[in-house]
Amino acid sequence: MPLTKRKSTSTPVKSKTPIKKATPAKQTPTKPTPAKKTPSKDVPKQKTPIKATASKPATSSSNKKRKVEELQEEKDSSEDEEDDIENEQLLGANDIDNMESGSDDDDDEDGQDSDNEYAQDTKFEQMIQSRIDERKSLPKRQQAEDDDDFFRKKGAADEDSDDEEDSDDDEPLNKKQRTQDQDSDQEPGDDDDDDSEDDDDLTELEREAKELDDEQRQILIDANLELQDQAKQQEKPSLLTDYTKAHENDEQVDEDNIDILGIGEDITKVHARIMESLRVLGNFKELREEGFKRSDYLDLLKKDLCKYYGYVPELIELFIGMFSVPELIEFLEANEAPRPLTIRANALKTRRRELAQSLINRGINLDPMEAWSKTGLKILDANVPVGATPEYLAGHYIIQGASSLLPVMALAPKPKELILDMSAAPGGKTTYIASLMKNTGVLFANDVSPTRSKALVANIHRMGVRNAVVCNYDGRDLPKILTPLDRVLLDAPCSGLGVISRDPSVKVSKGVDDVTECAQLQKELLLSAIDCINPNSVTGGYVVYSTCSVSIDENESVIQYALKKRNVKIVPTGLPFGRDGYVRVGQKIFDKDMAHAKRFYPHVHNMDGFFVCKLQVLKSGVKIENEEEAKKQKRIEKRQVEARRQQKQKNIDE
């Protein structure tokens with residue numbers, strides 16, 4: 001049943017003032033004023049006084065005849081009058097005869113009208129509630145169809161009802177003309193407020209019903225959209241079929257240039273294809289196309305990722321072996337965004353709070369780094385160059401990435417120790433170690449590159465470090481040169497797959513061969529770092545290995561090699577966050593303690609990709625599994641010693 005808007009008119013009552021003699025007079029017609037409906041019976045109905053010069057209770061036939069004649073003069077048609085009377089009766093108004101006679105039963109009729117209105121309002125509320133309950137019991141699709149049809153019919157019914165009400169409320173032409181003549185002094189702009197007056201005519205219950213209708217309509221719209229999305233997701237895509245047809249001629253291109261296939265293709269289409277591939281792989285059993293395997297979709301996804309993000313296929317293949325497909329997308333997206341600029345306060349010269357206040361006064365907006373760092377500050381905005389302030393030149397801080405603080409925190413250097421930073425340039429970690437040592441003990445800062453060592457020396461002087469010894473040796477030769485040490489930090493050279501956001505050239509300049517080459521060098525350097533340690537150290541005996549790469553071959557594989565070749569074990573790093581190292585990846589199985597190592601990712605921790613592992617040296621020398629191996633190792637060492645002696649003598653002779 002369509003819900004229509006109802007209007008009510010005020011009920012005329014007899015005058016309370018006694019009049020001795022009835023003087024017939026022409027009544028001035030007034031437009032009925034709608035009364036505000038309330039669902040409660042306790043609220044009395046407002047009465048509107050009627051302007052009349054006389055209201056005698058007599059039932060004289062002459063007076064009634066004269067009154068009818070006056071009404072016929074005022075109205076154009078008696079049929080319109082009868083229709084108007086019938087409408088007033090439906091709305092609960094009194095009969096015109098009672099209006100003229102002024103009988104004593106007016107009060108009883110008012111109470112009856114109030115009861116009728118309350119019953120209508122209650123029925124209206126019940127109708128709305130039953131409609132809502134009925135909708136909830138239906139399935140979503142049937143709800144959407146049924147309620148759409150309901151609101152469509154309701155809108156048509158409301159329009160028809162409004163037309164009928166407007167026609168019913170219209171007064172005869174002569175009466176309207178006289179009313180307009182009487183109200184001619186009103187402002188001309190009053191006619192523009194008809195819409196607002198109609199809204200005011202709505203009862204409180206009708207307003208609530210209208211708001212409920214709007215809310216239900218919005219719910220239905222959202223439900224329809226959701227159903228459409230679900231239906232679309234259930235449709236089987238023709239992804240590979242369409243791609244095969246569109247790229248039939250691509251096979252003729254040389255395979256060496258396969259990475260540039262589709263370079264002229266619309267990038268939005270590539271992105272749409274990536275999202276479609278993700279959807280199919282997420283529900284492969286239901287959405288896959290006949291005749292295609294999962295590997296086919298993965299191959300297409302790899303090609304699209306290479307085109308969209310600009311990587312060589314080798315790197316995408318490497319990342320897919322590490323991450324799930326959805327996480328791989330997050331990782332690649334994170335590499336497109338720059339990391340926050342961070343600085344480290346130099347505890348040898350200032351405090352972080354004092355430094356922050358000084359930089360704020362210079363127009364640099366900053367925040368303290370997370371709770372895990374007591375010296376880091378994050379730069380939000382700067383009106384001056386961060387690397388050219390007086391505080392920077394005075395050595396109060398150094399620009400340093402958040403991830404590069406983690407290896408030093410894992411090393412946990414102590415004052416008066418002998419410590420080696422095997423790859424020290426440009427000096428961020430070296431100066432941090434010196435500040436934790438409080439400029440005591442001895443810190444060997446080594447770097448194989450003399451060119452990079454210039455920046456190392458400059459930072460050491462600027463930051464006020466006085467316990468450092470700078471040297472330029474190949475790290476693999478350091479065990480023969482240095483005395484046994486308490487701690488060693490090896491931030492090994494790597495492929496840089498964790499800092500792509502800072503160096504986008506890695507996307508095309510690095511490959512699997514570079515990763516393999518770096519891994520071999522890292523294994524040799526890690527064994528040398530372990531050999532530099534004094535296992536009997538009272539305070540130390542630790543090696544921290546770190547890289548700015550996320551590849552497994554440069555991290556877990558290198559640690560596993562050291563566990564096999566040296567008497568060491570993996571210990572917790574002490575870092576409060578980070579993902580655990582891989583214990584098993586595909587067919588590769590690592591030591592169970594590899595979970596103590598920590599991995600950091602740009603899409604998870606909002607910092608450069610990093611790997612940190614802490615080793616404790618249990619015994620010096622090569623790890624021997626049996627006596628036969630021990631004898632063989634001794635013979636090898638003797639030959640190596642003899643070869644070095646001969647080389648040394650040859651150099652002397654020359």
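FYI, the numbering just counts along the sequence from 1. We use all heavy atoms of the structure for the numbers below, so side chains are in, but hydrogens, waters and symmetry mates are not.
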SB check [X] [Y] (cutoff 4.0 Å):
X	Y	value
D580	K598	yes
K507	E336	yes
K588	D553	yes
R273	D304	yes
D296	K293	no
K569	D593	no

Can you measure from [atom1] ([X]) to [atom2] ([Y]) and round to the nearest 0.5 angstrom?
X	Y	atom1	atom2	value
Q560	I552	CD	CD1	12.5 Å
F331	Y309	CZ	OH	11.5 Å
M594	E556	CE	CD	6.0 Å
S277	L305	OG	CG	8.5 Å
Q522	Y545	CD	OH	3.5 Å
E333	L328	CD	CG	10.5 Å

Answer yes or no: does atom CD of E517 have more than 12 heavy-atom neighbours from other residues, nucleotides or ligands under 6.0 Å?
-> no

Can you find a heavy atom in the side chain of [X] that is under 4.5 Å from one in the side chain of [Y]?
X	Y	result
L318	S551	yes
C613	N555	no
M369	K374	no
I320	V325	no
V543	V568	no
Y397	L377	no
L341	K378	no
V583	I589	no

Going by atom types alone, do Q357 and N361 pair a side-chain donor with an acceptor below 3.5 Å?
->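 A donor-acceptor contact under 3.5 Å links the two side chains.
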
Closest approach of [X] to [Y] (non-hydrogen atoms, all atoms of both residues):
X	Y	result
R344	G428	NH2-O, 3.5 Å
A382	I379	CB-CG2, 4.4 Å
A356	L366	CB-CD1, 3.8 Å
P407	V544	O-CG1, 3.8 Å
C306	I316	SG-CG1, 3.6 Å
R352	A345	CA-CB, 4.0 Å

Worked check of side chain to side chain contact (heavy atoms under 4.5 Å, CB included) between N365 and I360 | CA-CA 6 Å; N365 187 16; I360 290 173; over 6 Å; no

Would you say the ring centers of [X] and [Y] fall short of 6.0 Å from each other?
X	Y	result
F600	F611	no
Y601	F610	no
F590	Y582	no
F323	H603	yes

Testing N383, D381, T389 for side chain to side chain contact (heavy atoms under 4.5 Å, CB included) with I364, which one passes?
->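 Of all the options given, the one that passes is T389.
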
Test applied, side chain to side chain contact (heavy atoms under 4.5 Å, CB included); reference residue, V558; option that passes from L525, L526, L521 |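 When side chain to side chain contact (heavy atoms under 4.5 Å, CB included) is applied between V558 and each of L525, L526, L521, only L526 qualifies.
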
Test log, rule side chain to side chain contact (heavy atoms under 4.5 Å, CB included), inputs L436 and V408 = CA-CA 9 Å; L436 294 177; V408 179; 3.8 Å; yes

Using a 3.5 Å distance criterion without hydrogens, assess whether the side chain of [X] forms a donor-acceptor pair with backbone atoms of [Y].
X	Y	value
D447	S453	no
D514	K510	no
S373	E370	no
E554	V515	no
N606	P602	no
N346	M463	yes
E314	V512	yes
R462	Y392	yes
T342	Q400	yes

Residues S546, D491; criterion side chain to side chain donor-acceptor pair (under 3.5 Å); working and verdict = CA-CA 5 Å; S546 65; D491 185 26; 3.1 Å; yes

Between L490 and S423, is a side chain to side chain contact (heavy atoms under 4.5 Å, CB included) present by the stated rule, with each step listed?
-> CA-CA 6 Å; L490 173 58; S423 299; 4.2 Å; yes

Checking side chain to side chain donor-acceptor pair (under 3.5 Å) for the pair T430/D421: CA distance, chi angles, key distance, verdict?
-> CA-CA 7 Å; T430 301; D421 186 358; 2.7 Å; yes

Test salt bridge (Lys or Arg N to Asp or Glu O under 4.0 Å) applied to D608 and R599, R502, R339, the passing residue |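 In the set R599, R502, R339, the residue that makes a salt bridge (Lys or Arg N to Asp or Glu O under 4.0 Å) with D608 is R502.
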
Show your working on side chain to side chain contact (heavy atoms under 4.5 Å, CB included) between V571 and L615 and close with a plain yes or no.
-> CA-CA 6 Å; V571 296; L615 300 172; over 6 Å; no

Please state whether the rings of H271 and Y308 are parallel, tilted or perpendicular, taking 30° and 60° as the class boundaries.
-> tilted

Applying salt bridge (charged side-chain N to carboxylate O under 4.0 Å, His left out), run through R294 and E289 and close with a yes or a no.
-> CA-CA 10 Å; R294 179 182 291 270; E289 299 177 61; over 6 Å; no

